Structure formats: C-alpha cells, structure tokens
J.: 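Sharing a structure with you now.
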Amino acid sequence: MKNDIIFNLIQVHQRIENACRIAGRNPKEVQLLLATKTVPAEKIRIAIEAGETLMGENKMQELRDKNDVLKNLPAERHFIGHLQTNKIKDVLKYVTCIQSLDRINLADELHKQLQNQNRKLDVFVQVNTSYEGSKFGLAPEDVLSFIKKIKAYDTLNIKGLMTIGLLDVEKEKMLPSLRLLRTIREEIYSEGIEGLQDLKLSMGMSQDLELAIAEGSNMVRIGTSIFGNRFLGKEIWNENIAE
Ligand SMILES: *Cc1c(COP(=O)(O)O)cnc(C)c1O
C-alpha cells in the first residue's frame, strides 16, 4: 500500500511536469492538492510523509474523523466540498481555506463567524463552468457581481476561482469548462479591481489534469490517480445525498 501511493505520487508529479513542459509553464506554478475524500487517514499520512503539503476534504465528518491522525502533520487542509451553513463552525476548526464558496448566504455566514473569531480565511469562488445540474457553484455569468459583493468582506481573502470540469473521455468535451474559468478570470482582471489582480485557478482532477494545466491551472486536485478508485458514484458531489 505504501509503495503504491508513493509510486502513484511520482507518476502524478511526472504528469504535472510533462504538462507544464508542453504548455511552456514552470511546474512551480502548479500546486498539487491531495483530494482525500473516503481515503483513510493512514493512507493520507503516507502521502504527507512523502512530502505532500496540501490536502482537501469534502465533508466535515471526514475532517473530524481523520483529525487525530492528521492534525500534527505538516499539511494544510482545504475544504473542497459543498458546505452547508450549519457546518461552517466545525469546518473552520480544521481548514485554512474554503474552495467551495458558491453563494452569498454562505459568504455572509462565514464573514460573521470569522469576525467573531477575529480571523481571516482564504477562499476560492466555485464556478459551475460545465453548467451541469448535478454540480454546485455559481453560474459563470454571476461570478463578477458575486466577487464584487464579497470583496467588501475583509475576513475573506479571495485567492481565486475553482471549478470541477466536465469529465468525459473526449478532450474536446472537457476543454470548454476549463477554458471558461480562465476567461472568467480575464473578465475580472479587466475590471481592474484592487486586490483582485492575482487570482489562482483551482482546476484539474485525475482525468483532466493535463488539459487543466494547458488552460492555466495553478492547483490540481487529485484523488483517484494517487489513492485508487473510490467505488462511489457521482453522488459524492452532493453532501445531502452522501451523508
Ligand atoms: C474528488 C474530488 C477531486 C479529485 O477527483 P479524482 O477524479 O479522484 O482525482 C477533485 N476535486 C473535488 C472537488 C473532488 O470532490
């Protein structure tokens, strides 16, 4: 098991480097986040001890269950799943970043609780660039006005944009939803808003890592290619169904 994970990590890093080389990009511009939903803490520990520094969970319950093993390891934890407002308080105990900020009432509630704790938090705005009904995220056309609104909250450091691209066997079908995230960033940049001149793109998973890097991704979130299949259906996107 340990050797499998380490072997897979080497392969994923090679894929990242190859994709960067082809795209003429510096591999240092692309972070690897371990997507660890359903993965036992002991397996995650192996990856962190092999040098990984960033992981993302989709559920509060898993953050809590794995905390004993992971809390003292040198890796940052992000939240990458759908977040219900009643779980914010618990999630904030474990994470340094929420990548799934996708609606105004969530931003309001986060701001309130962060103010109480006298603390700031990194966030990514999640965009549904594939327009699939099964996925969370803001509609692409709503992102600019949303960002302008949440910009007023000094507790939120807006780090960038996140998307789950459309997954398909054909490249041509996956490409538009990744390219769109980059286009939205351009649209935001063109407004010249102070503090929003350096936004990162969190996109690319096991299946579309190379394409995402070609389209400018700064953070790929990889689960399956490192830890193996999860044997779960698409419902994993939806916390309401999976819990
Ligand atoms: C599960 C998950 C990933 C990783 O997907 P894989 O196909 O297993 O690499 C990335 N991002 C999010 C938000 C996820 O839920």
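A quick note: this is a predicted structure, and the numbers were derived from the prediction, not measured. Both counts, for ligands and for their atoms, begin at 1 and track the order of listing.
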J.: Closest approach of F227 and K43, non-hydrogen atoms and distance?
T.: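 Heavy-atom minimum between the residues: CE2-O, 3.7 Å.
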
J.: I need the contact type for I80 against ligand 1. Using non-hydrogen atoms and a strict under-4.0 Å cut-off, is it side chain, backbone, both or neither?
T.: both

J.: Tell me, do S206 and I222 make a side-chain contact under 4.5 Å, heavy atoms counted?
T.: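 Touching, per the 4.5 Å side-chain cut-off.
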
J.: So if I count the atoms of ligand 1 from 1 in the order they appear, which ones are less than 4.0 Å from some heavy atom of T224?
T.: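 Close to T224: 6 (P), 7 (O), 8 (O), 9 (O).
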
J.: Please indicate whether any nitrogen or oxygen in S225 is less than 3.5 Å from any nitrogen or oxygen in ligand 1.
T.: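 N/O-N/O distance under 3.5 Å: no.
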
J.: Can you list the atoms of ligand 1 that are under 4.0 Å from a heavy atom of N58?
T.: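 Once the distances to N58 are compared, the set is 14 (C), 15 (O).
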
J.: With a 3.5 Å cut-off and no angle check, do the side chains of Q61 and D65 form a donor-acceptor pair?
T.: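 The criterion, which ignores hydrogens and geometry beyond distance, is satisfied for D65 and Q61.
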
J.: For S206, which part has a heavy atom under 4.0 Å from ligand 1: side chain, backbone, both, or neither?
T.: both

J.: For ligand 1, which is the ligand I care about here, please tell me if I164 has any N or O atom under 3.5 Å from one of the ligand's N or O atoms.
T.: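 I164 vs ligand 1: no N/O contact under 3.5 Å.
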
J.: Under a 4.0 angstrom heavy-atom cut-off, which atoms of ligand 1 come close to I222?
T.: 9 (O)

J.: Go through the side-chain N and O atoms of H78 and E76 and say whether any donor and acceptor fall under 3.5 Å apart.
T.: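 The criterion, which ignores hydrogens and geometry beyond distance, is satisfied for E76 and H78.
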
J.: Is a side-chain donor or acceptor of K151 paired with a backbone partner of I193 at a separation under 3.5 angstrom?
T.: no

J.: Of the listed options (M162, K59, K37), which comes nearest to atom 14 (C) of ligand 1 when hydrogens are ignored and any heavy atom counts?
T.: K37

J.: Counting heavy atoms only, which part of Q99 comes closer than 4.0 Å to ligand 1: side chain, backbone, both or neither?
T.: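 For Q99, no heavy atom sits under 4.0 Å from ligand 1.
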
J.: With atoms numbered from 1 as shown, which atoms in ligand 1 lie under 4.0 angstrom from a non-hydrogen atom of R221?
T.: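 Once the distances to R221 are compared, the set is 3 (C), 4 (C), 9 (O), 10 (C), 11 (N), 12 (C), 13 (C).
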
J.: Ignoring hydrogens, just give me the one of M205, Q126, Q207 whose non-hydrogen atom is nearest atom 5 (O) of ligand 1.
T.: M205

J.: Side chains of N18 and R21: any donor to acceptor distance under 3.5 Å?
T.: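 Short answer, yes.
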
J.: Which residue is it: E62, K93, R77? I am looking for the one with a side chain to side chain donor-acceptor pair (under 3.5 Å) to N67.
T.: R77

J.: In terms of side-chain heavy atoms, does S177 have a donor or acceptor partner in S130 at a distance below 3.5 Å?
T.: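 On atom types as modelled, these side chains do not qualify, holding no pair under 3.5 Å.
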
